[in-house]
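Please read all numbers here as calculations on a predicted model, not as lab measurements. When reading the values below, keep in mind they use all heavy atoms of this one structure, side chains included, and skip hydrogens, waters and symmetry mates. Chain identifiers are assigned alphabetically (A, B, ...) following the order of the sequence lines, protein sequences preceding nucleic acid strands; residue numbering begins at 1 within each chain.
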Amino acid sequence: MALDPSQQQAMLDAVPHLRAFAVSLCGNVTYADDLVQGALLRGLQNLDKFQAGTCMQAWLFTILRNQFYTEARRRRREVEDADGALAGRLTVLPEQGVRLDFSDMQAALAQLSVEQREALLLVAAEGVSYEEAARICSTNIGTIKSRVNRARTRLAELLDLVPEEDLGPDRLIGATLFVQANL
Amino acid sequence: MFREAASFLDLYRSVEDLPSSSSQVNGGPPPLLYEWTIFDLLGGEHVLTLLPQAQQKTPDELQRSRVVRHGPACEPTLPSQVATCLGERLRAHYALLMNEPVPEHFIRILEALDETRSANGGP
C-alpha cells in the first residue's frame with residue numbers, strides 16, 4: 001500500500017505542530033526533532049492502523065507522546081533547558097527581548113509536571129478539545145480539565161502574573177503578532 | 001474495632017448521607033456514624049460497625065473531607081484577566097515554535113519512505 005498523497009500531506013502539515021508540541025514538552029530542540037522523526041517513522045510503519053476519517057495530527061500526537069513516555073521511563077531522563085539554550089537554537093526569534101520572554105515561558109513550562117504540561121499545551125496552545133486531549137493522553141476529560149486548570153494556575157504563579165499589574169501585550173506577543181502580520 | 005448490635009431503622013446511616021453542617025446547627029439529629037457489616041435475616045441480628053474515620057473525626061470534618069474528595073470547589077481558579085493574558089502568552093510562545101521552518105530531512109524522510117513502500121508494493 002503506497003502512501004496516499006492526502007495522508008502524506010496530512011503528515012507534512014502535522015510536522016510544525018508536532019515540533020512545537022515536542023519542543024515545549026521536552027525543552028530540547030534536538031531531542032524534540034528525534035521525537036518527531038520517530039513519530040513519523042512509527043506512523044508510517046503503522047499506517048494500516050490509522051483509521052481513515054480520523055485526525056492524522058491527533059494520531060501522530062498520540063504516537064509522539066507515547067514515545068516520549070517510553071523513552072523517559074527507559075532513560076529516566078528529563079530534558080530541561082534551565083540555561084535558556086533552547087531559545088538560541090531556534091531560528092525565527094527576532095530580537096533579544098523576545099528571546100528572554102520565550103526563555104521565561106519555557107523555563108516556567110519546564111517546572112510543571114509533564115502531565116500538566118502536555119494537557120496545557122494540547123488544550124491552551126494547540127487548541128484541541130478536552131475530549132481529544134483526553135484521548136491523546138489516554139485519560140478522561142475530568143482529569144484533563146483538572147490538569148489544565150492546575151497548570152494554568154501554577155504557570156501564572158511562575159510568571160508572576162497578578163491582576164493588579166498591567167497585563168497588556170508584552171514583547172513576546174507584540175513580536176509574534178508582527179511576525180504573523182509579515183508572513 | 002468497636003461493634004455493637006442495634007436496631008437497623010434507628011441507627012443505620014451511611015457516612016455519605018451525613019447531613020450538612022448547617023442542618024446540625026439548626027437542630028437536626030446528630031449523624032450516626034455506623035456502617036452495616038452483617039445483616040443476618042435468619043438470625044435477625046443486626047451488627048453495625050463504627051467506621052474508623054468516625055472515631056477520629058467530627059461530623060464537620062467528615063463533611064469537609066467529602067467536599068475535598070468530590071467537589072469542584074477545590075480546583076484553583078484564575079482571575080479572567082490573568083487567564084486571558086496567560087493564554088495569549090502561551091499561544092504566542094507556541095506560535096513562535098510553529099513558525100520555525102520544517103527541517104528538510106523530515107520532508108526527505110516522508111518522500112524516501114513513500115518511494116520505498118511503493119517499490120515494495122506495501123507497508
Side-chain angles (χ1 to χ4, degrees), chain A residues 1-3 5 8 11-12 15-21 23-24 29 33 36-37 40-41 44-48 90-93 98 101-102 104-106 109 120-121 124-127 145-146 149-150 152-156 159 161-163 167-170 172-177 179-180 183, chain B residues 14-18 20 53 61-123:
Chain A
M1 183 180 74
L3 183 59
Q8 186 174 17
M11 281 190 155
L12 277 174
V15 169
H17 297 268
L18 291 170
R19 285 193 84 222
F21 179 65
V23 170
S24 302
V29 175
D33 280 347
V36 174
Q37 185 170 322
L40 290 174
L41 290 171
L44 284 164
Q45 286 163 0
N46 295 281
L47 202 57
D48 53 323
L90 298 172
T91 58
V92 296
L93 298 178
V98 174
D101 290 335
F102 180 89
D104 286 348
M105 177 60 83
Q106 193 64 38
L109 282 171
L120 183 69
L121 290 169
E126 186 59 45
K145 284 181 177 176
S146 175
N149 196 23
R150 288 168 190 276
R152 278 191 177 122
T153 303
R154 180 75 182 122
L155 205 57
L159 294 171
L161 296 181
V162 291
L167 295 176
D170 66 358
L172 175 61
I173 294 171
T176 304
L177 294 175
V179 169
Q180 295 278 19
L183 284 178
Chain B
S14 77
V15 170
E16 289 299 313
D17 291 332
L18 280 173
S20 67
Q53 61 266 37
E61 286 170 334
L62 284 171
Q63 185 67 19
R64 277 198 298 275
S65 69
R66 182 167 63 175
V67 170
V68 168
R69 275 203 317 276
H70 302 299
C74 64
E75 289 289 332
T77 55
L78 282 177
S80 61
Q81 193 185 7
V82 174
T84 303
C85 173
L86 184 64
E88 286 174 353
R89 289 186 67 169
L90 196 58
R91 283 191 292 277
H93 174 86
Y94 207 72
L96 279 174
L97 292 171
M98 290 275 293
N99 285 334
E100 279 280 297
V102 174
E104 194 65 28
H105 67 273
F106 286 141
I107 300 170
R108 286 202 298 273
I109 285 171
L110 287 172
E111 289 172 350
L113 282 171
D114 184 30
E115 288 166 8
T116 307
R117 288 159 61 92
S118 300
N120 293 340

* With side chain to side chain contact (heavy atoms under 4.5 Å, CB included) as the test, would you mind laying out the steps for B/Leu78 and A/Leu161 before giving the verdict? => CA-CA 10 Å; B/Leu78 282 177; A/Leu161 296 181; over 6 Å; no

* To do: Decide yes or no for B/Leu90 and A/Leu155: does some side-chain heavy atom of the first lie under 4.5 Å from some side-chain heavy atom of the second?
  => yes

* Sort A/Leu109 into side chain, backbone, both or neither according to what part of it lies under 4.5 angstrom from a heavy atom of chain B. => side chain

* Can you see which heavy atom on B/Phe106 is nearest to which on A/Leu40, and at what distance? => CD2-CD1, 3.9 Å

* Structure fact -> Value for CZ (B/Arg91) from CD (A/Glu126), rounded to nearest 0.5 Å, stands at 12.5 Å

* Structure fact -> Of A/Val36, A/Leu121, A/Leu159, the largest count of non-hydrogen pairs under 4.5 angstrom with chain B goes to A/Val36

* How about A/Arg19 and B/Leu97: do any of their side-chain heavy atoms sit closer than 4.5 Å? -> no

* Structure fact -> Separation between NE2 (A/His17) and CE (B/Met98), nearest 0.5 Å, reads 3.5 Å

* Search all heavy atoms of A/Ala156 against all heavy atoms of B/Val82 and return the closest pair with its distance. => CB-CG1, 3.8 Å

* Asked: Is the backbone N or O of A/Ser24 less than 3.5 Å from a side-chain atom of B/Tyr94, with the two atoms forming a donor-acceptor pair by type?
  -> no

